[in-house]
Amino acid sequence: MSTIREGLIHATINKAITLIDYNNYDSVHKQFEFVKQTILADNSLTNDEKIEAISSFNKDCNREKIVRNEGTRRICETCNQKCLAISYCEYCVQNYLKTKFSSWSSGNNNIDNLIQKCQIESLMPDMIVEWIPYNNLQNIECLTKGGFSEIYTATWINGGYEELDSENHQLQRFGTHHVILKELGNIENASQNWFEEDLMFKL
Ligand SMILES: [Zn+2]
């Protein structure tokens, strides 16, 4: 397979976006279709690069539709719900996370309930709040100690969720990568109030 020119792909996507005539293409769906057709018609890209460009642009479209909560919906073949995302189904993401509720626990009901609530409302496979067991973190090193908290660097084994596999409908992980950890004080006495006022802003 030939080398994929990432810079050229992004330049082609951006150029196609700047060519949108918003009077002619007056809906998000029409604008997305125009950009895709413009990418496919651009002969400076190889076929592999066009596939990569469309895949990359679909991710942007997913995000845009989900954030704006607008655009054409489609019936998901797996769960039969009307989803907004193009390259995955946000309801299938939520359903998968629900099936995993019994497979993890922080040991604190308030934390578990909060994370489960966030997961039930998850709309993007790469933006999911989850509990990370301590043994999934390695190479933990203190980066800095401030007045109210301590910051660490670490390696997160397997990393966070990245995308929904279209064949087995399971969330796939990004792979091992570096993360920043922040220590929260007084976790043993955590109450519902504590989460609403404190943790929500730190997640
Ligand atoms: Zn679905």
Side-chain angles (χ1 to χ4, degrees), residues 4 6 9-10 12-14 16-17 20 25-40 47-106 109-133 136 156-177 179 195-196 199-200 203:
I4 298 287
E6 296 286 346
I9 287 173
H10 290 295
T12 305
I13 296 171
N14 289 337
I17 292 171
I20 296 173
Y25 304 104
D26 55 0
S27 74
V28 174
H29 178 71
K30 288 179 188 171
Q31 290 157 14
F32 289 165
E33 281 308 308
F34 169 78
V35 172
K36 285 182 196 174
Q37 292 308 320
T38 307
I39 291 169
L40 289 173
N47 283 341
D48 285 341
E49 286 168 340
K50 285 180 185 177
I51 292 168
E52 183 67 27
I54 295 293
S55 167
S56 173
F57 183 64
N58 273 342
K59 284 184 183 173
D60 294 341
C61 296
N62 288 333
R63 201 169 294 274
E64 193 70 15
K65 289 176 79 174
I66 291 284
V67 168
R68 289 210 229 166
N69 191 26
E70 68 174 69
T72 313
R73 288 182 179 268
R74 66 183 171 88
I75 303 285
C76 168
E77 291 174 2
T78 307
C79 71
N80 289 322
Q81 287 191 265
K82 287 183 177 178
C83 63
L84 263 180
I86 299 166
S87 53
Y88 66 89
C89 162
E90 57 271 28
Y91 300 106
C92 283
V93 169
Q94 295 165 4
N95 290 339
Y96 175 78
L97 292 167
K98 282 180 207 166
T99 68
K100 293 287 170 186
F101 280 177
S102 59
S103 69
W104 59 267
S105 174
S106 67
N109 280 341
N110 287 330
I111 293 178
D112 288 356
N113 290 340
L114 178 63
I115 294 174
Q116 287 184 8
K117 184 173 180 290
C118 291
Q119 291 193 343
I120 287 170
E121 295 169 1
S122 295
L123 294 171
M124 293 182 245
D126 57 350
M127 295 277 284
I128 292 170
V129 174
E130 64 174 312
W131 177 255
I132 307 170
N136 279 16
W156 182 2
I157 307 300
N158 294 329
Y161 291 120
E162 188 188 26
E163 59 187 13
L164 189 70
D165 187 301
S166 57
E167 286 183 9
N168 63 19
H169 313 293
Q170 297 188 351
L171 284 167
Q172 306 295 309
R173 290 189 178 276
F174 177 81
T176 299
H177 64 111
V179 289
F195 286 111
E196 284 166 6
L199 186 60
M200 287 298 282
L203 281 173

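Both counts, for ligands and for their atoms, begin at 1 and track the order of listing.
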Under the side-chain contact (heavy atoms from CB on, under 4.5 Å) test against Trp131, which residue among Ile115, Asp112, Leu114, Asn136 passes?
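One option only clears the test, and that one is Ile115.
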
Tally of protein N/O/S atoms under 2.8 Å from the Zn ion (ligand 1)?
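For the Zn ion (ligand 1), protein nitrogen, oxygen or sulfur atoms under 2.8 Å: 4.
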
Distance-only, no hydrogens or angles: does the Glu162 side chain make a donor-acceptor pair with backbone N or O of Gln172 under 3.5 Å?
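It does not hold such a pair.
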
Hey, what do you get for CG (Asp60) to OG (Ser55), rounding to the nearest 0.5 Å?
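Rounded to the nearest 0.5 Å, the CG-OG separation comes to 10.0 Å.
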
Quick one, Asp126 and Arg63 - any side-chain contact, counting heavy atoms below 4.5 Å?
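When only atoms from C-beta onward are counted, Arg63 and Asp126 do touch, with a gap below 4.5 Å.
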
Going by atom type alone, with no hydrogens or angles, which donor-acceptor pairs under 3.5 Å involve a side-chain atom of residues 82-89 and a protein atom two or more places apart or on another chain?
{"unit_1": "Ser87", "atom_1": "OG", "unit_2": "Asn62", "atom_2": "ND2", "d": "2.5"}
{"unit_1": "Tyr88", "atom_1": "OH", "unit_2": "Leu123", "atom_2": "O", "d": "2.7"}

Using the ring of each side chain (for Trp, its six-membered ring), is Phe32 parallel, tilted or perpendicular to Phe57, with breaks at 30° and 60°?
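Phe32 and Phe57: perpendicular rings.
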
